[in-house]
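Naming convention: chains lettered A, B, ... in sequence-line order (proteins, then strands); numbering from 1 in each chain.
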There are 2 protein chains.
Amino acid sequence: MSRTNSTADQRPYHHGDLHRAIVDAALEVLSESQSTEFSLRELARRAGVSHNAPYKHFSDKRELLAAVSGVGFELLAERMADATKELGSPRERLAAMARAYVSGGVQNPALYRLMFGGYLTGQDSDRPAIERTAAYRMKALVVDAMSGGALGHEIPNNAENERKLDGAILVFWSQMHGLTLLLVDRLVGPGEAMRELSDSVLQSMLDGLANCIPVIPPGVWVGPPLAD
Amino acid sequence: MSRTNSTADQRPYHHGDLHRAIVDAALEVLSESQSTEFSLRELARRAGVSHNAPYKHFSDKRELLAAVSGVGFELLAERMADATKELGSPRERLAAMARAYVSGGVQNPALYRLMFGGYLTGQDSDRPAIERTAAYRMKALVVDAMSGGALGHEIPNNAENERKLDGAILVFWSQMHGLTLLLVDRLVGPGEAMRELSDSVLQSMLDGLANCIPVIPPGVWVGPPLAD
DNA sequence: CACAAAATGTTGACATGGGCAACATTGCAA
DNA sequence: TTGCAATGTTGCCCATGTCAACATTTTGTG
């Protein structure tokens, strides 16, 4: 006899899926507080579990945050994949992807910062494996959209074009990344014509890329404005 | 008689400029550990002072970090100003500024992240005043270089052009910002042709801007490669 | 089915760190 | 001179990360 519960034995000794519960709680707190400075103990409390239980699932706070970051990458990748699902033209796909990326970041700044903010990089070791693979998967979406767009139009596969493609990917990604973070950090906006500005930034980037990879034709911006 | 120093009374009761000493120590630790997770107590130790002394100068760890961030903005602004000092053409100035910005960020990732990473934004209140003004000063450099470049070539000062200018500034800044952070977080590079890639990113951005603001003529990349 | 081992949770303890409060020392100003 | 403000110091409290030891289940295996 361990427990002296007067009524029903509400919680069984084992939680069931504490791993998930902790990650979910972390996502919650992250959204609420917009800060990664919550405590593992707080998460344990929310999960209705003792302060050390999480350590049976994460060796470290770092590892927990990495798991959260991994979920973030999955969510973002899913968002981007959804956005580009039924679009044919490379330009449309890239545009939709960019919009999904930026709006995803803006909707949960703390999560985005956790994913890209170097909390996982700055320390001693490399990024934990789980998170790294999720990040790579997301990156692959960008790379595919870009090179798929190019290859779809039969660009000769020589070294010169490969170099250009690398450059274009870097332009695309860093532009999205930078724009997202400027918005997230409120360094531009957030008022007035932010949405139009964002759209025009992405558009002019695509126009710029069109010079680099002739496959992406210039064109008007398509699709709905950025979500808020 | 308070101290019973056997030899010389090394430290006077008052430090002299503890504020500065603490900020300097913070910059040191930040560079070394590449993390903002140092303790105020550690800084106090380094400054050879009791663990609570810093609180006479900073109400908060947040405030200390804000001060550090402010110094970071000043350093970066100085760097950018230096880099553009003797350059005439708008394109050259923007190019130099971009290079200074990116290389500054890459040289001290943790500081750059502190400045732009939203540690100061995420919380309850706005960014502390000291830091905010420093950030604005730096932003003004970008804005000036861009609009000065435009005005220098007598662009009609109508609403349409103003809108374009805003867009161009956002493109420029977010591109620099994104590229810097991708490099900083080791999400691209850091090996191989990173420097060339970076240069080509910035170059193609300027080319793109040339379409938007006809004042920035296309041209070859000028100046030395990015410092490492 | 019994039972040992592996999982999973719990309690307790320790060191570290942020931050408050009370006190000490010093410089400065009236 | 004397009293106040600035600056440092000591001591304390509490929250947190993390380790260790112990408790309770689940599960695989004879």
Side-chain angles (χ1 to χ4, degrees), chain A residues 1-5 8-26 29-30 32-33 35-68 114 119-120 122-125 128, chain B residues 1-5 8-26 29-30 32-33 35-68 114 119-120 122-125 128:
Chain A
M1 172 209 67
S2 58
R3 312 287 213 70
T4 335
N5 277 356
D9 202 27
Q10 287 294 20
R11 20 222 106 176
Y13 195 87
H14 287 110
H15 177 287
D17 193 354
L18 188 55
H19 186 101
R20 160 89 62 174
I22 292 291
V23 170
D24 285 352
V29 180
L30 196 61
E32 290 167 10
S33 71
S35 157
T36 53
E37 280 173 350
F38 52 80
S39 61
L40 281 199
R41 284 160 123 106
E42 162 75 14
L43 302 185
R45 252 169 258 139
R46 295 212 178 199
V49 111
S50 91
H51 67 149
N52 250 348
Y55 283 89
K56 293 292 145 104
H57 299 270
F58 309 94
S59 71
D60 218 310
K61 185 176 184 182
R62 223 177 114 70
E63 198 172 293
L64 179 264
L65 287 178
V68 173
L114 173 61
Y119 185 96
L120 294 318
Q123 303 283 36
D124 36 4
S125 66
Chain B
M1 175 206 67
S2 59
R3 311 285 215 70
T4 335
N5 278 357
D9 203 27
Q10 287 294 18
R11 22 220 107 179
Y13 195 87
H14 288 110
H15 179 285
D17 193 354
L18 188 55
H19 186 101
R20 161 90 60 173
I22 292 291
V23 170
D24 285 351
V29 180
L30 195 61
E32 290 167 12
S33 72
S35 157
T36 53
E37 280 173 350
F38 51 79
S39 60
L40 282 199
R41 283 160 125 103
E42 163 75 12
L43 303 185
R45 251 169 258 138
R46 294 211 179 200
V49 111
S50 91
H51 68 171
N52 251 348
Y55 283 90
K56 294 290 146 100
H57 299 270
F58 309 94
S59 71
D60 219 314
K61 184 176 183 182
R62 220 176 116 70
E63 200 173 289
L64 178 266
L65 288 178
V68 173
L114 173 61
Y119 185 96
L120 294 317
Q123 302 283 36
D124 36 4
S125 67

Interatomic distance where NE2 belongs to H15(A) and P belongs to dT26(D) [whole Å]: 14 Å

Length of the NE2-P vector between H57(B) and dT9(D), whole Å: 10 Å

Separation of dG17(D) C1' from L43(A) CG (nearest whole Å): 13 Å

I need the CG-C1' distance between L64(A) and dT18(D), as an integer number of Å. 14 Å

Pairs under 3.5 angstrom, nitrogen or oxygen only, protein versus nucleotides 17-19 of chain C, please.
| from | atom 1 | to | atom 2 | distance (Å) |
| --- | --- | --- | --- | --- |
| dG17(C) | OP2 | R45(B) | NH2 | 3.2 |
| dG18(C) | OP1 | L40(B) | N | 3.2 |
| dG18(C) | OP2 | L40(B) | N | 3.1 |
| dG18(C) | N7 | R41(B) | NH1 | 2.3 |
| dG18(C) | O6 | R41(B) | NH1 | 3.3 |
| dG19(C) | OP1 | D60(B) | OD1 | 3.3 |
| dG19(C) | OP2 | Y55(B) | OH | 3.2 |
| dG19(C) | OP2 | K61(B) | N | 3.4 |
| dG19(C) | O6 | R41(B) | NH1 | 3.3 |

Nucleotide dT7(D), atom P - distance to CG of D17(B) in whole Å: 10 Å

Tell me, which pairs form a salt bridge (Lys or Arg N to Asp or Glu O under 4.0 Å) where one or both residues lie in residues 14-24 of chain B, sequence neighbours left out? none

Are the side chains of F58(A) and L65(A) in contact, using a 4.5 Å heavy-atom criterion? no

Between NZ of K56(B) and P of dT25(C) the distance, given in whole Å, is 14 Å

Suppose we screen for salt bridge (Lys or Arg N to Asp or Glu O under 4.0 Å). Which residues come up paired with R45(B), at least two apart in sequence or across chains? E42(B)

Tell me, please, which residues at least two apart from A26(A) pass side-chain contact (heavy atoms from CB on, under 4.5 Å). F38(A), L43(A), L64(A), V68(A)

side-chain contact (heavy atoms from CB on, under 4.5 Å) involving H57(A) - partner list, sequence neighbours excluded: L18(A), H19(A)

Using atom NE2 of H19(A) as one end and atom C1' of dG9(C) as the other, report the distance to the nearest whole Å. 17 Å

note: E63(A), atom CD; dG17(D), atom P; distance rounded to Å ~ 15 Å

Apply side chain to side chain donor-acceptor pair (under 3.5 Å) to S59(A) and list each qualifying residue two or more places apart in sequence or on a separate chain. E63(A)

